[in-house]
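Below you'll find the structure, written out as C-alpha cells, and then a few comments.
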Amino acid sequence: DQQVKQNSPSLSVQEGRISILNCDYTNSMFDYFLWYKKYPAEGPTFLISISSIKDKNEDGRFTVFLNKSAKHLSLHIVPSQPGDSAVYFCAAKRNFGNEKLTFGTGTRLTIIP
Amino acid sequence: DVKVTQSSRYLVKRTGEKVFLECVQDMDHENMFWYRQDPGLGLRLIYFSYDVKMKEKGDIPEGYSVSREKKERFSLILESASTNQTSMYLCASRGTGLGYTEAFFGQGTRLTVV
C-alpha cells in the first residue's frame, strides 16, 4: 500500500528552465510534507517542507505547492542547474511528534546543459 | 553541525552471516530510523526507535532486528543475511516536538550479500 506516490520515475529538463516534480498521497492524516534530494552513494538531504496549513512555501530557487483537496504536492525548481541532477523523494508525516516519515519512490531529475 | 554517522560505507557479507550495521547521532535526538533504498521502491522503513530500549516495526521488518541501548546509537541486525537483503541502508534521526519535523540521514551503507 503505497501511501506516497511519485508517478514519474525520471525527468529531464534543460538547464535554466523550470523543473516540476510531482507527488500524490492517499492518507488524509498526513499534515506535514517534505522534499529530500539524494545523490548516488550519499544519504538524502532535506530540501524544503510545507505544513498543511499552507499552500505554498518558497526557499530561494525551490518552491513547494500543496493542494490538500487533491492530495497533491509539487516541487518547482527555477532556474534548474546541473547540480540539481539527483533523485528527489517526497515524504509525509502526521504531526504527532514521533511519527515516522513515509517516502515516495523517488524521481530522478537530470538537468541537460 | 548535525551529524549522523554510519559505521561502514560498503560491506560485503556471505549468505547466512550475522550482520551488524551501526549508526550514531550527535544531536541528542529521541527518534532514530532504519530505511532501505531499492530502485523503484523508494525508501522503506525497517524499524524505528523513539527512546532508549524502545523500538517499533516499520513496513518491512522481516529478517531484521534492532538494538538501542544508548540514546545516540541505533543498530540494525541482519540475523542471517540473504541475497534479497542486498541494498542501500540508511539511518536517520529526528527530534521530538512540533519544531522537529525533518529527519537527518547518514551517508548510507551499501550492503552486498553474496
Side-chain angles (χ1 to χ4, degrees), chain A residues 1-10 21-27 30-54 57 59 62 64 66 86-108, chain B residues 1-6 8-10 21 23 25 27 29-51 54-61 87-112:
Chain A
D1 178 27
Q2 191 72 33
Q3 296 186 65
V4 179
K5 302 176 186 178
Q6 294 175 258
N7 292 319
S8 298
S10 63
L21 295 93
N22 293 303
C23 180
D24 298 292
Y25 62 96
T26 57
N27 190 337
F30 290 145
D31 61 2
Y32 205 90
F33 305 90
L34 306 90
W35 284 94
Y36 280 80
K37 175 180 179 179
K38 187 180 184 299
Y39 293 119
E42 293 185 15
T45 53
F46 171 73
L47 204 52
I48 192 169
S49 63
I50 188 167
S51 164
S52 59
I53 62 172
K54 294 185 173 183
N57 188 26
D59 184 2
F62 303 92
V64 56
L66 176 64
V87 177
Y88 290 79
F89 292 97
C90 69
K93 70 179 288 289
R94 296 184 293 181
N95 205 11
F96 292 136
N98 291 340
E99 289 294 331
K100 63 185 183 182
L101 288 177
T102 299
F103 283 84
T105 52
T107 296
R108 180 177 301 280
Chain B
D1 199 17
V2 163
K3 197 145 189 181
V4 179
T5 303
Q6 295 182 227
S8 304
R9 292 295 298 268
Y10 301 94
L21 302 183
C23 176
Q25 51 98 358
M27 296 163 284
H29 283 166
E30 292 80 5
N31 306 291
M32 296 188 75
F33 307 84
W34 276 106
Y35 289 87
R36 64 178 279 180
Q37 182 199 359
D38 300 288
L41 298 176
L43 274 66
R44 294 180 294 166
L45 182 65
I46 304 170
Y47 266 98
F48 68 103
S49 168
Y50 52 89
D51 202 350
M54 306 303 288
K55 60 185 179 185
E56 288 214 13
K57 293 180 180 179
D59 301 316
I60 51 164
S87 186
M88 167 71 92
Y89 289 87
L90 294 158
C91 174
S93 75
R94 181 166 56 81
T96 294
L98 289 178
Y100 295 93
T101 48
E102 67 182 273
F104 297 89
F105 282 85
Q107 77 276 28
T109 297
R110 171 70 65 183
L111 173 67
T112 302

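By convention in this document, chain letters (A, B, ...) are assigned in the order of the sequence lines, proteins followed by strands, and residues within each chain are numbered from 1. These numbers come from a predicted model, not from an experiment.
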Which heavy atom of B:G40 sits nearest a heavy atom of A:T105, and at what distance?
->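 The answer is O-CG2, 3.5 Å.
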
Give a yes or no on whether the backbone of A:F103 and the side-chain of B:Y35 come within a donor-acceptor separation of less than 3.5 Å.
->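 Checking the backbone N and O of A:F103 against the side chain of B:Y35, no donor-acceptor pair under 3.5 Å is found.
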
Without swapping roles, check the side chain of B:R94 against the backbone of A:L101 for a donor-acceptor pair under 3.5 Å.
->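 No; judged by distance alone, with no hydrogens or angles, the pair does not exist.
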
Please name all residues satisfying salt bridge (charged side-chain N to carboxylate O under 4.0 Å, His left out) with B:D38, sequence neighbours left out, ordered by chain then number.
->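 With sequence neighbours excluded, B:D38 shows a salt bridge (charged side-chain N to carboxylate O under 4.0 Å, His left out) to B:R36, B:R44, given in chain and number order.
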
Which portion of A:P9 sits near chain B, non-hydrogen atoms under 4.5 angstrom |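 It is neither, since no heavy atom gets under 4.5 Å.
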
Tell me, for A:A91 versus chain B, whether the close heavy atoms (under 4.5 Å) come from the side chain, the backbone, both or neither.
->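 No part of it gets close to chain B.
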
Nearest 0.5 Å, what's the [atom1]-[atom2] distance between [X] and [Y]?
| X | Y | atom1 | atom2 | answer |
| --- | --- | --- | --- | --- |
| B:E102 | A:L47 | CD | CG | 10.5 Å |
| A:E42 | B:L90 | CD | CG | 11.0 Å |
| B:F105 | A:K38 | CZ | NZ | 10.0 Å |

Can you list the steps and then say if B:D59 with A:K100 is a side chain to side chain contact (heavy atoms under 4.5 Å, CB included)?
-> CA-CA 11 Å; B:D59 301 316; A:K100 63 185 183 182; 3.1 Å; yes

Heavy-atom distance under 4.5 Å to chain A: side chain of B:E56, backbone, both or neither?
->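 When you check distances to chain A, no heavy atom of B:E56 falls under 4.5 Å.
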
Interchain contact, B:L45 with chain A, by part (heavy-atom threshold 4.5 Å) |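 For B:L45, the contact with chain A is made by the side chain alone.
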
Centroid separation A:F46 to B:F104 less than 6.0 Å |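 Aromatic pair excluded; centres sit 6.0 Å or further apart.
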
Greatest number of heavy atom pairs closer than 4.5 Å to chain A - which of B:G106, B:G108, B:A103 |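 Between B:G106, B:G108, B:A103, the count favours B:A103.
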
